[in-house]
Asks: 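Take this structure first; my questions come after.
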Amino acid sequence: MLKYFLNKLLLFGATFIGISLLTFSLVRMIPGDPIEAMVGERGVSPEFRAQLEKSFGLDLPVHQQYFHYLSNTLQGDLGLSLVSQRPVTEEFFDRFPATLELGLMSLFIAMLIGIPLGIVAAVKRNTVFDYSFMGLSLVGYSMPIFWWGLILILFSSINFLHLPFLGWTPVSGRLSPLFEIPNHTGFLLMDAWFSEEGAEAFWDAVRHLLLPAIAMATIPMATISRMTRSSLLEVLGENYVQTAKAKGLGTFRVIVVHAFRNALIPVVTVIGLSLGSIITGAILTETIFSWPGIARWLVTSVMARDYTVVQGGTLLIAMFIVSINLGIDLLYLGIDPKLRSKSAG
Amino acid sequence: MMKKNILCMSLASMLFLVSGSAYAAKTFVYCSEASPRTFNTQLSDDTVSGHASKLMYNRLVEFDRGGVQIVPRLAESWTVSDDNLVYTFTLRKDVKFHTTDYFTPKRNMNAEDVVFSFMRMHDKNHPFHNVGGAKYVFYMGMEMPDVIKSIEKVGEYKVRFTLNKPQGTFLTNLALETIGQILSKEYGDQLIKEKNKDQMDSMPIGTGPYAFKSYKKDSSIRYVAFKDFFAESPKVDQIVFLITPDQTVRVQKMIAGECDMIAEPPAMEYNNFKKNPNLKVIDGDVINISYLAFNVNKKPFTDVKVRKAVAHALNRKSYIDAIYRGRATVAESILPHNMWGYNDNLPVYDYNIDKAKKLLKDAGFENGFTTEVWALPVSRAYNPDGKKLAELMQSDLAKVGITAKIVTFDSTTYFNKTEEGYHTMAQLGWSSDNGDPDNFVTPLLSCASAESGSNIAKWCNKEFDALIQKAQTLAAADRAERSKLYEQAQLIYKNEVPSIPIASSKIYRVMKKNVMGYVMNPFGRDDFEFIELK
Amino acid sequence: MLAKLLIYKKRIHDLWDSGALDFVHSFVQNKGAVIGVCIIAFYILVAIFAPFLAPHSPEKIFTGQYTLPPLWMEGGTSQFIFGTDDLGRCLLSRLIFGARISVGVGFMVALFAFFVGTILGLVSGYFGGWVDQVIMRVTDLLMSLPSILLSIVVVVILGPGIFNAVIAVAIVKIPNFIRLVRASTMAEKNKEYIVASRTFGASHLRQIFINIFPNILAPLVVQTTLTFSDGILDIAALGFLGLGAQPPTPEWGTMLSDAKNYFIAAPWFVIMPGLCILFVVLGFNLLGDGIRDAFDPRLKK
């Protein structure tokens, strides 16, 4: 057990080194000049350039630059953003809650819609429900999110068809400028709820969150509904369910109490994996909806050649994903005794 | 029951918000294009920082509302010595700095503050000189460190500037927010004591109509009305900059009613906005030019006949329709038509495929040649879509047998490479910084700037250079004389064709019907001092 | 002799067992799969016959006729059935030629990822040891970065362009192949027929490509089909971000990014390229699902 744990931890360390090396070298390969990226288009004098290069350690040989970077990173210092001149870590954690909030909301929506769709499709297998729901989920799975987001804005926010029940979802942003919410956690729903404006601000935040969350939920929703259907089908075919049915229990009871609980395990795994892929989904969603999260920040930083941000931000995101995977691994270790004995042996 | 109530309430509140009447406390929402680099534009010349800091500060002299005339502001009056070397300003006595939760001024603005603000840029030993990176882009760019000999306090409310050499644009330069804004020395002293000098430009204190309230990176900037403002009191309680970098999103928000006004509305939406009954469109004239520069040192563009051929091959009128959606005029000179000194009687290269082909034939390129068109990678008022423009040019050039490949880079690389002359043909443009023709001809076409970079045509003509240098040294008052020199210079430019002027764009602003008092200055910057919501 | 016999036996058995006929039968039974094949066939036909189908050249600019609405809307003309784009080019012709690009890049991404990923996966799974360790660690690293972000960075390094975008997207698809192939290879390599032929001195190359590879093809085919659709989607996404195909190439993602500036003035200009992308991706996903179901013995019952 301890050995397994240590092994995982060692791997975590190795991954960290690997990713830091990867991000460092990728960023060095990007054509362009960090100093130019920093000072903008009007140019800079040679003396000032030399001074800047020195202050960023860019005059050192590459391997020294890397060790600098690594040792600074281990001390929690990822350097200053070239564009904003603020610490990368600070900028990251300013935006991280926005991305997490969006991600969790979209996961919630995906489950809220995906699981019932999957259950109905499984129970009514090979009916028109099954076909249409699964067809729908495959369409969702094939959706180009960047287009879907635009369509949602066009129909819902702009409401260009002037439908009576639409038009109340804002185009972008997290909260209307009317509200000024003190920033405690960065999770706006929470901050808004506990602020002076309370429910009013909370609902405003929800309105803002809804459209991007729906766009981002589309693909996980499709995956979850498909997974629910197939694992439920498998369980429904097993003996104990048949027995329960034979005992005369109602179909609903059989599904909810017996089958669904067991079918949930693979579904939960899918949900756990979705948590790790929040960032991937966020990149296009945040871009379309101008959501002030880390994904959009990274994309704009890549475009603006903000090298330190690309380097540090990518590292932090990768470590977030690796940590989640590690957490899931350890969680399973706690739950599943079979795994435990295997790792001990 | 309780639950139901909450639901009703929240539904009601949702509807309430939807109706848009929620901006009861007069809040003006401006959807801006990016996070400012700084709140002190002495440190950065970008428009975004300019907008974000302008409404908090004043200058000694300023441009009149919406114009380019110099009017007194923090200075009541001034005198200039006969040799144009000594400027003495008398300051207003009733100017207060902002009171905020991080600073409370104990005295009114005086000469100390003026000296403090200028010496910050001028004196390398000033305690704040190195705060914020010590790059005073405009102060350096206008050669102020060489021009200014000394800045002295000569009385509680009197300041004297002594120059090394006369500068025709000196007063204009002081009126620029990228040079002339007045900071509080008292605030500076407080920050030195608190060992927190960086706060000078991130939590600013000024004398302007609106005071800084808060800033959330990439999200919003808030300003509140400054009740003790020395001039006409501000008309709205709060101004919010909603930072919305995506142009499309800004347009969407404007239509959805989430902004009172947006930054840089795109040309192609002009007609849509005009048609919208909830919105108001204000046209503006700015002084800018976009052009296609040749690298005259690179074959085949060393031959003036080839350059002329290209000038005849481009259907510039169609660019105005497609790229600018008619919101521009075809340009015929390096100076925009609305700049003084513009020469009305220049020869015109009309769109004429036959002439172009003949010129190519004369130059020995009967079968055309292969080259590159570099496309401006960023959207600018003078050129909203460089890639699209390049596509049109590519198709035009193909008609006379020139095969052009479209090349583009990220913006910094692009500006860099064009300055170093890696291109054969490249799009670029220029917007007036100070309303003076010198600001166009010197950076864009002088021999010195062919060397230093910004003359990307790399064109150096001795005769032309002599003319513009002569115009430069004349004092501002000799406008007629300078005008003549610039007109002559433009004729040379036009005959040599180092670059092809494309267009001078018009810009416009769109806002909700109830927004009053908006003015746009001729440099394309938004001025919110007189904003009202009716 | 024995080994050879064993292998033949295995091969015949496989053919019988996997049942090519059976596969085709259950595939045709699957309505979704048939629809998928029809969609893909349609796109491929359009791509092949684009020059004959398109009324105009996709790059021809009609001066003065900018963002005309489609035929069925007010102001539409029969010259441009789907209207024109912002530079006055025929939208229908651009959509038709766009099929070439999208189907082409999907194919290239799938091929590239399949080729590199399969070889690395086979090597990794077959040899094990440090080779396996190195390949797997790098795979893990690549998988710990969000794939689109990695693609964006790679494109920025290589410079924007359709070919570089293909490489960037393919690179992030490779790890999926490596993992899949490695797992199947490891499962396969300890089976008796492989062990037997090893004792009779079959070379590594023969073992890998003649003996193992054909037996792990089934999951690979599914993965490749899905990579096809993923590839199309990702290339379009890069195009949308301005990093994919460069103008005047009529790529759907790039067209969308142009179109979004005319969002309100010309909604059809936004809607159509997106629908094209959606349907081609849907087609490949339906096909992939169909193949998977047809292979899956549990569902065949």
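Throughout, a chain's letter reflects where its sequence line sits, starting with A, and its residues are numbered from 1. No experiment lies behind these values; they were computed from the predicted model shown.
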Asks: Which answer fits C:I232, side chain, backbone, both or neither, if we ask what part of it has an atom under 4.5 Å from a heavy atom of chain A?
Replies: neither
Asks: Considering non-hydrogen atoms only, spot the tightest contact between A:L26 and C:I157 and give its length.
Replies: O-CD1, 3.4 Å
Asks: If you tally heavy-atom pairs under 4.5 Å against chain C, which of A:G18, A:P144, A:A14 wins?
Replies: A:P144
Asks: Looking at every non-hydrogen atom in both residues, tell me the closest pair between C:R100 and C:A47 and how far apart they are.
Replies: NE-O, 2.7 Å
Asks: Measure C:I35 against the heavy atoms of chain A and call it side chain, backbone, both or neither at under 4.5 Å.
Replies: neither
Asks: Against chain C, work out which of A:I153, A:V302, A:L154, A:I317 has the most heavy-atom pairs shorter than 4.5 Å and name it.
Replies: A:L154
Asks: Would you find a donor on one side and an acceptor on the other, under 3.5 Å apart, between the side chain of C:D132 and the backbone of C:G128?
Replies: no
Asks: Under 4.5 Å from any heavy atom of chain A, what part of C:D230 do you find: side chain, backbone, both or neither?
Replies: neither
Asks: Report yes if the side chains of C:R292 and C:V221 come closer than 4.5 Å at any heavy-atom pair, otherwise no.
Replies: no
Asks: Is there side-chain contact between A:T287 and A:F146, with heavy atoms separated by less than 4.5 Å?
Replies: no
Asks: Counting heavy-atom pairs under 4.5 Å to chain A, which of C:I277, C:I271, C:L241 comes out on top?
Replies: C:I271
Asks: Count the heavy-atom pairs under 4.5 Å between each of A:L138, A:T23, A:V310, A:T314 and chain C, then report the option with the highest count.
Replies: A:L138
Asks: Of the backbone (N, CA, C, O) and the side chain (C-beta and beyond), which part of C:L158 lies under 4.5 Å from a heavy atom of chain A, both, or neither?
Replies: neither
Asks: Assess C:K260 against C:F240: is NZ or CZ under 6.0 Å from the centre of the six-membered ring, and within 45 degrees of the ring's axis?
Replies: yes
Asks: Can you tell which part of C:S229 gets under 4.5 Å to a heavy atom of chain A, answering side chain, backbone, both or neither?
Replies: neither
Asks: Are C:Y43 and C:F279 near enough that their ring centres are under 6.0 Å apart?
Replies: no
Asks: What part of C:N285 lies closer than 4.5 angstrom to a heavy atom of chain A: side chain, backbone, both or neither?
Replies: both
Asks: Which answer fits A:S230, side chain, backbone, both or neither, if we ask what part of it has an atom under 4.5 Å from a heavy atom of chain C?
Replies: neither
Asks: A:I288 versus chain C, heavy atoms under 4.5 Å apart: side chain, backbone, both or neither?
Replies: side chain
Asks: Within the 4.5 Å heavy-atom criterion, are A:Y69 and A:S20 side-chain neighbours or not?
Replies: yes
Asks: Quick check for you: among C:L243, C:D289, C:V280, which has the greatest number of heavy-atom pairs under 4.5 Å with chain A?
Replies: C:D289
Asks: Counting only heavy atoms closer than 4.5 Å, note whether A:L284 contacts chain C via side chain, backbone, both or neither.
Replies: side chain
Asks: Side chain, backbone, both or neither: which part of A:V322 has an atom under 4.5 Å from a heavy atom of chain C?
Replies: side chain
Asks: Tell me, for A:L22 versus chain C, whether the close heavy atoms (under 4.5 Å) come from the side chain, the backbone, both or neither.
Replies: side chain
Asks: Counting only non-hydrogen atoms closer than 4.5 Å, does A:I283 touch chain C with its backbone (N, CA, C, O), its side chain (CB onward), both, or neither?
Replies: side chain
Asks: Under a 4.5 Å heavy-atom cut-off, does chain C meet the side chain of A:M303, its backbone, both or neither?
Replies: side chain
Asks: Given the side-chain rings of C:W252 and C:F97, with only the six-membered ring counted for Trp, is the space between their centroids under 6.0 Å?
Replies: no
Asks: Is A:I145 close to chain C through its backbone or its side chain, or both, or neither, when contacts mean heavy atoms under 4.5 Å?
Replies: neither
Asks: Report yes or no: is the cationic atom of A:R28 (NZ for Lys, CZ for Arg) closer than 6.0 Å to the six-membered ring centre of A:F24, at no more than 45° off its axis?
Replies: yes
